[in-house]
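A short worksheet on the structure shown next.
All heavy atoms count here, side chains included; hydrogens, waters and symmetry mates do not.
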Amino acid sequence: MFARVLGRAALALLVTTLVLVSTAAPAAALPGAFLPALGAGNRGADVLALQQLLRQHGQSPPADGVYAASTTTAVRAFQQAKGLAVDGIAGPATWGALLVTLRQGASGPAVSALQAQLNAKRGLSLPVNGSFDAATRSAVLAFQQHAGIGADGVAGPDTWRNLLWHYDYPDLAALCDQDPDGNGTANWGTGATIGQLEAAARSFAGTGQGKVPLGDVSKEHGGDIAGHASHELGMDVDLWPIRADRAQCTAGRITWRDPAYDRAATRSLVRALRSTAAGRVKLIFFNDPELIREGLTTRYDNHDNHLHIRYCAPVHPNPLYAC
């Protein structure tokens, strides 16, 4: 976790930035809601929504939640067709051209994008079938009420913006939830953060070295979280080191100096984190001198017993989170 002063300064900068742009963007009920910028290397529910919306507009990226070369190509083609700046990054202007107002009776890939978002962000199990039925309308209404925006069951720009911004909760199949600071289920993160974390955990679990022990990420809508001034924007993740006895999910947390510490397995985890989010890992704080020497992690005070991963976006209102 970062020093509290740094975290508060970063949060203040974000708030200032959002105030400055508020005259150009419609008001959003969730604090600081904005359309997330996505680019090559990102993963997760928001990338999947982007791909499905691109398919709605005649492009043909795979709907797999991975922002690979094919998705970059589709974004560039869409941008060119719409007269937008062609950079392959899905920023606010690209989202604005992609978003479709949907209501009951609508069908197509954009409805699938909406259903998948509602499932990811609200823990639902809607069929992702591209048909805006009564169950989908009820889910939209419930989300609108949750977000504090006009509840009419129609997914328009306000609903999309708040839904895409809303944090996601990880599938714990390859993770185990640790709670060293008493923050309960503070495991919420942006769609990209959670998608990238899940992919890394799956990759690591495939090596047979156990699950990945997850500390805190953020609260459901960000904001103050006890003991973690830098865990307020859904893009910082704490993980515990891996133990040689594979008891990282049941035994106590250790430091890199502990005899139970498994450097090789922790190295494997760090490599998985970086490879499953190519170019989207801003930093990893962890004080193992060997991993630091190898360029895999960076030293920071009080990070002997956990890894602090900061993910980044191609564009972000807070420069600390821009790649």
Full working for side-chain contact (heavy atoms from CB on, under 4.5 Å) between Leu50 and Tyr67: CA-CA 9 Å; Leu50 171 69; Tyr67 207 126; 3.4 Å; yes
Test log, rule side-chain contact (heavy atoms from CB on, under 4.5 Å), inputs Ser268 and Gln209: CA-CA 9 Å; Ser268 177; Gln209 299 175 100; 3.7 Å; yes
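- One finds a salt bridge joining Asp262 and Arg246 here, because a Lys/Arg side-chain nitrogen approaches an Asp/Glu carboxylate oxygen to under 4.0 Å.
- Annotation: Gln80, atom CD; neighbour count of heavy atoms from other residues, nucleotides and ligands within 6.0 Å does not exceed 12.
- Remark: side-chain polar atoms of Gln79 are paired, donor with acceptor, to backbone N or O of Ile89 under 3.5 angstrom.
- Between Glu232 and Lys219, no side-chain nitrogen of the basic residue sits less than 4.0 Å from a carboxylate oxygen of the acidic one, so the salt-bridge criterion is not met.
- Relative orientation of the His303 and His306 rings is tilted, given thresholds of 30° and 60° on the angle between their planes.
- A donor-acceptor pair under 3.5 Å links the side-chain atoms of Arg274 to the main chain of Leu296, judged by distance alone.
- Panel note: side chain Trp256, backbone Tyr261; no donor-acceptor pair is recorded below 3.5 Å.
- Using a 30° and 60° split on the angle between ring planes, His308 and His231 fall in the perpendicular class, above 60°.
- Relative to the six-membered ring of Phe285, Arg299 misses at least one condition, a distance below 6.0 Å or an angle of at most 45° to the axis.
- Looking at Gln115, its side chain never comes within 3.5 Å of a backbone N or O of Thr136 through a donor-acceptor pair.
- Remark: the backbone N or O of Lys211 is paired with a side-chain donor or acceptor of Gln248 at under 3.5 angstrom.
- Tested against Asn287 for a side chain to side chain donor-acceptor pair (under 3.5 Å), the candidates Asn302, Asp301, Asp304 yield a single pass: Asp304.
- A side-chain donor-acceptor contact under 3.5 Å links Gln144 to the backbone of Asp152.
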